[in-house]
Amino acid sequence: MDKTDPDYVPLDFVAARQRMVDAQIRPAQVSNPHVIAAMRALPREQAVPDALRAFAYSDQNLPLGEGRYLTEPRVTGRMLQVAEAVRGERVLVVGAGTGYLAALLSTMGESLEIVALESERRLADIGRALCFTWASDVHWRDGALVRGAPDDGPYDLIMIDGAVREVPPAVLEQLAQGGRVIAPVCAGSGVTSVSRIVRTAQGCATQPLFDAAVPLLPELEPAPAFVF
């Protein structure tokens with residue numbers, strides 16, 4: 001609605017944020033008090049383009065353009081809970097987009113070292129603005145998602161904010177021993193499951209945790225194989 005319209009009523013984002021937590025996050029079995037407090041505090045409307053602000057707290061993936069999405073709140077909350085971030089850990093967010101997940105990690109108060117990797121400049125500009133105000137300790141890196149951010153690694157925790165067919169090998173190599181990746185993985189079955197992938201001396205072990213309708217990250221889609 002046009003703000004010059006006499007019937008225009010400004011949106012109450014603070015109330016919408018509380019409703020999001022009470023109606024979407026808590027019913028999704030998110031009980032970690034640090035996650036809940038961060039999602040109550042961080043203005044999600046600042047993580048979307050202006051045209052989408054009215055939908056910032058809806059229970060859906062929001063299209064950001066170029067095939068990218070802001071993951072729906074309940075999935076983000078559950079991913080943060082199963083990540084089990086520990087004070088002082090070094091964290092990489094791959095596909096950081098508009099910065100919401102990285103900023104939440106910072107707002108959780110666990111004194112994490114957070115690196116946000118993004119390849120789309122338009123999205124990263126929104127994310128940098130969000131973090132400048134709310135999460136100034138997040139370090140932004142520009143670059144191809146498939147390569148990760150090796151100069152800042154190794155990482156105790158890597159979170160991928162978007163679905164992948166598989167975690168890129170270069171990203172897995174940036175995990176410290178005992179470190180873990182939390183990512184929505186859509187394998188051959190076509191079902192996307194948020195999974196925990198742990199790096200051990202014997203290799204990587206994958207554990208599906210819960211199903212989630214998360215769109216694929218276009219940049220990390222494997223190239224089509226040639227069939228003769």
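- When all heavy atoms of D59 and P73 are compared, the closest pair comes out as CA-CD, 4.4 Å.
- Here the CD1 atom belonging to I197 is positioned 8.5 Å from the CG atom belonging to L175, to the nearest 0.5 angstrom.
- Contact annotation: the side chain of L105 approaches that of M159 to within less than 4.5 Å [non-hydrogen atoms, C-beta and beyond].
- To the nearest 0.5 Å, atoms OG (S111) and CD (E89) are separated by 12.0 Å.
- Using a 4.5 Å cut-off on side-chain heavy atoms (C-beta onward), L217 and I160 make contact.
- Looking at V35 and M108, their side chains come closer than 4.5 Å, going by heavy atoms from C-beta outward.
- Looking at R180 and E84, no side-chain N of the basic residue comes within less than 4.0 Å of a carboxylate O on the acidic one, giving no salt bridge.
- Within the 3.5 Å criterion, the main-chain N or O of L145 finds a donor-acceptor partner in the side chain of E219.
- Shortest non-hydrogen contact noted between Q60 and R44 is O-NH2, 4.2 Å.
- Under the 4.5 Å side-chain heavy-atom criterion for ILVMFWY residues, no single connected hydrophobic cluster contains both V191 and V214.
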Worked verdict on R122 versus D125 for salt bridge (charged side-chain N to carboxylate O under 4.0 Å, His left out): CA-CA 5 Å; R122 180 179 61 85; D125 285 346; over 6 Å; no

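- Taken from CG in L112 to OG in S106, the straight-line distance is 8.0 Å, to the nearest 0.5 Å.
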- request: Using the side chain to side chain donor-acceptor pair (under 3.5 Å) rule, take T71 and N61 through it: C-alpha gap first, then chi angles, then the decisive distance, then the call.
  value: CA-CA 5 Å; T71 303; N61 301 302; 4.8 Å; no

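- Of all non-hydrogen atoms in R40 and D22, the two that sit nearest each other are NH2-OD1, 2.7 Å.
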task: Before giving the answer on side chain to side chain donor-acceptor pair (under 3.5 Å), spell out for Y57 and E45 the whole-Å C-alpha distance, their side-chain angles and the decisive distance to 0.1 Å.
output: CA-CA 8 Å; Y57 295 99; E45 72 274 10; 2.3 Å; yes

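- Tracing side-chain contacts under 4.5 Å through hydrophobic residues (I, L, V, M, F, W, Y), one never reaches L123 starting from V115; they form parts of separate clusters.
- In this structure the side chain of F13 reaches within 4.5 angstrom of the side chain of R53, judged on heavy atoms.
- In this structure a side-chain-to-backbone donor-acceptor pair under 3.5 Å is present from R87 to G109.
- Side-chain atoms of E120 never come within 3.5 Å of backbone atoms of G97 as a donor-acceptor pair (strictly under, hydrogens ignored).
- Taking CE from M20 and CD1 from I25, the interatomic distance works out to 5.0 Å, rounded to the nearest 0.5 Å.
- In this structure, Y100 OH and T107 OG1 are separated by 9.0 Å, a value rounded to the nearest 0.5 Å.
- With T192 contributing its side chain and C186 its backbone, the two residues share no donor-acceptor pair below 3.5 Å.
- Considering only heavy atoms from C-beta on, L101 comes within 4.5 Å of L80 through its side chain.
- A single hydrophobic cluster is seen to contain both I114 and L42, as judged by linkage of ILVMFWY side chains at heavy-atom distances under 4.5 Å, directly or through other members.
- Judged by distance alone, the side chain of Q177 and the main-chain N or O of A201 form a donor-acceptor pair under 3.5 Å.
- Closest non-hydrogen pair, L220 versus P168, comes out as CD2-CG, 4.0 Å.
- Taking 4.0 Å as the cut-off between side-chain N and carboxylate O, R68 and D161 do not count as a salt-bridged pair.
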field: side chain to side chain contact (heavy atoms under 4.5 Å, CB included) assessment of V185 paired with T206
entry: CA-CA 10 Å; V185 179; T206 301; 5.8 Å; no

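- Clustering ILVMFWY residues whenever any of their side-chain heavy atoms sit less than 4.5 angstrom apart, transitively, puts V91 in a cluster other than the one holding V94.
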Trace of the side chain to side chain contact (heavy atoms under 4.5 Å, CB included) decision for L172 with R199: CA-CA 8 Å; L172 285 174; R199 185 175 186 185; over 6 Å; no

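- Using modelled atom types, no side-chain atom of E72 and backbone atom of A212 make a donor-acceptor pair closer than 3.5 Å.
- Side chain of Q174 to main chain of D152: no donor-acceptor pair is present (N/O by atom type, distance under 3.5 Å, no hydrogens or angles).
- Heavy-atom minimum distance, A96 versus E118: N-OE1, 3.3 Å.
- Between D12 and R19 there is no salt bridge, since no side-chain N of the basic residue sits under 4.0 Å from a carboxylate O of the acidic one.
- Remark: side-chain polar atoms of T200 are paired, donor with acceptor, to backbone N or O of Q202 under 3.5 angstrom.
- Among all heavy-atom pairs drawn from A83 and I182, the shortest one is CA-CG1, 3.8 Å.
- Remark: the backbone N or O of L216 is not paired with any side-chain donor or acceptor of R165 at under 3.5 angstrom.
- Looking at heavy atoms from C-beta onward, R78 lies out of side-chain contact with V194 at the 4.5 angstrom threshold.
- With a 4.5 Å cut-off on side-chain heavy atoms, L130 and T98 do not count as touching.
- Rounded to the nearest 0.5 Å, atoms SG (C131) and NE2 (H139) are 11.0 Å apart.
- Judged purely by distance below 3.5 Å, without hydrogens or angles, the side chains of Q24 and R74 never pair a donor atom with an acceptor atom.
- The cluster map of Ile, Leu, Val, Met, Phe, Trp and Tyr, joined by side-chain heavy atoms under 4.5 Å apart, puts L52 and Y69 in different clusters.
- Residues V86 and D156 are not in side-chain contact: their nearest non-hydrogen atoms beyond the backbone lie 4.5 Å or more apart.
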